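What follows is a short report on a single structure.
By convention here, the first residue in the shown sequence is residue 1. Bear in mind the structure is a predicted one, so any value in this text is a computation, not a measurement.
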Amino acid sequence: VTVDNEQGGFIATEYLIKNGHQEIAFISGPYNSHDNEMRFRGYKRALEQYNLPFYSKWKISGDFTREGGYRATKLLIAQQKLPQAIFFANDEMALGGIQALEEKQINIPDDISIIGFDDIQLAEYVSPSLTTIRQPKYEVGALAVHLIFQLLSLEKIDEYYKLTTELIERNSVKKSF
């Protein structure tokens with residue numbers, strides 16, 4: 001039972017693009033993370049589909065932690081020219097990124113838009129509330145347990161299930177109208 005992380009990464013990046021952002025950084029999780037790699041593939045696919053360039057200087061590892069997101073965002077800021085938006089591969093890193101941007105008086109979403117991934121509980125309570133991609137965490141767990149009970153009853157099940165993600169629009173992305 002997996003989540004369609006690649007499509008979630010695509011949806012996040014496409015949402016930024018459709019709101020007028022053409023320069024989009026990717027703050028990644030660990031390089032050995034399959035989920036991170038799939039989210040990055042979705043990000044790259046969206047850039048390619050909309051004929052936007054990928055800049056390696058805007059792909060920085062944040063290791064899926066708040067501190068990692070903070071450090072990665074500080075590194076992005078230190079490069080002088082900020083992108084128009086940042087896609088954080090998870091919400092924990094986005095929270096660290098919000099802190100780093102606030103310290104430099106960089107306003108979200110007026111100066112830079114950000115989007116996360118996971119829809120952790122804190123995402124709606126930070127300021128501004130975080131636009132993110134919701135993973136169906138409960139459904140993944142419930143389906144896995146349901147399948148285990150089917151296997152214990154010697155029922156035949158499919159070997160692979162992929163669940164979809166959902167865009168949760170909040171206030172961290174500047175809308176272009």
query = Between G116 and F87, what is the shortest heavy-atom contact and its length?
reply = O-CE1, 4.1 Å

ask   = Backbone N or O of K174 within a donor-acceptor pair of the S113 side chain at under 3.5 Å?
value = yes

message = I'd like to know if the side chain of Y50 pairs up with that of E14 as donor and acceptor (distance under 3.5 Å, no hydrogens or angles considered).
response = yes

message = Just verifying a value: how many Å separate R71 CZ and R66 CZ, rounded to the nearest 0.5 Å?
response = 13.5 Å

task = Give a yes or no on whether the backbone of F117 and the side-chain of D91 come within a donor-acceptor separation of less than 3.5 Å.
result = yes

query = About how many Å separate CD1 of I133 and CD of E166, when rounded to the nearest 0.5 Å?
reply = 9.0 Å

Interatomic distance, I114 atom CD1 to H21 atom NE2 [nearest 0.5 angstrom] = 10.5 Å

request  = May I ask you to decide if G9's main-chain N or O and T13's side chain share a donor-acceptor pair within less than 3.5 Å?
outcome  = yes

query = Side chain of N90, backbone of F64: donor and acceptor closer than 3.5 Å?
reply = yes

inquiry  = Count I, L, V, M, F, W, Y as connected when their side-chain heavy atoms are under 4.5 Å apart, and connections chain through other members. Are M38 and F88 then in the same cluster?
reply    = no

query = Do D63 and T65 get their side chains close enough for a donor-acceptor pair, meaning under 3.5 Å?
reply = yes

task = Answer yes if V3 and L167 sit in the same cluster of Ile, Leu, Val, Met, Phe, Trp and Tyr residues linked by side chain heavy atoms under 4.5 Å apart, and no otherwise.
result = no

key: Any side-chain donor near an acceptor of the partner, R45 and Q7, under 3.5 Å   = yes

inquiry  = Using every non-hydrogen atom in the two residues, find where L82 and W58 come nearest and quote the distance to one decimal.
reply    = C-CZ2, 4.3 Å

task = Would you kindly confirm whether L52 and I11 end up in one hydrophobic cluster when ILVMFWY residues are joined by side chain heavy atoms under 4.5 Å apart?
result = yes

ask   = Distance-only, no hydrogens or angles: does the S172 side chain make a donor-acceptor pair with backbone N or O of T131 under 3.5 Å?
value = yes

task = Kindly give the heavy-atom pair with the smallest separation between N171 and P128, and that separation in Å.
result = O-CB, 3.7 Å

query = What are the two closest heavy atoms between A89 and G29, and how far apart are they?
reply = CB-N, 4.0 Å

message = Would you say CD of E155 has more than 12 non-hydrogen atoms from neighbouring residues, nucleotides or ligands within 6.0 angstrom?
response = yes

inquiry  = Heavy-atom count check: over 12 atoms from other residues, nucleotides or ligands less than 6.0 Å from Y55 OH?
reply    = no

ask   = Under 4.5 Å between side-chain heavy atoms, hopping through other hydrophobics if needed: is there a path connecting Y70 to I77?
value = no

query = Take atom NZ in K104; do more than 12 heavy atoms of anything else shown fall under 6.0 Å from it?
reply = no

message = Looking at F54, I'd like to know if the NZ or CZ of K44 sits under 6.0 Å from its six-membered ring centre while staying within 45 degrees of the ring's axis.
response = yes

ask   = At their closest point, which heavy atom of A72 faces which heavy atom of S61, and how far apart are they?
value = CB-O, 3.8 Å

key: Within one Ile-Leu-Val-Met-Phe-Trp-Tyr cluster: I17 and I112, side-chain cutoff 4.5 Å   = no

query = Got a salt bridge between D119 and R170, using NZ or NE/NH1/NH2 to carboxylate O under 4.0 Å?
reply = yes

query = How many angstroms lie between atom CD1 of I27 and atom CD1 of I86, to the nearest 0.5 angstrom?
reply = 5.5 Å

ask   = Looking only at heavy atoms, which two atoms of L130 and A94 are closest? And how far apart?
value = CD2-CB, 3.7 Å

task = Would you check if the distance from the ring center of F10 to the ring center of Y15 is below 6.0 Å?
result = no

inquiry  = Please evaluate residues D118 and R39 with respect to the criterion salt bridge (Lys or Arg N to Asp or Glu O under 4.0 Å), reporting the C-alpha separation (whole Å), side-chain torsions for both, the decisive distance (0.1 Å), and the verdict.
reply    = CA-CA 11 Å; D118 288 334; R39 292 170 194 179; 3.6 Å; yes

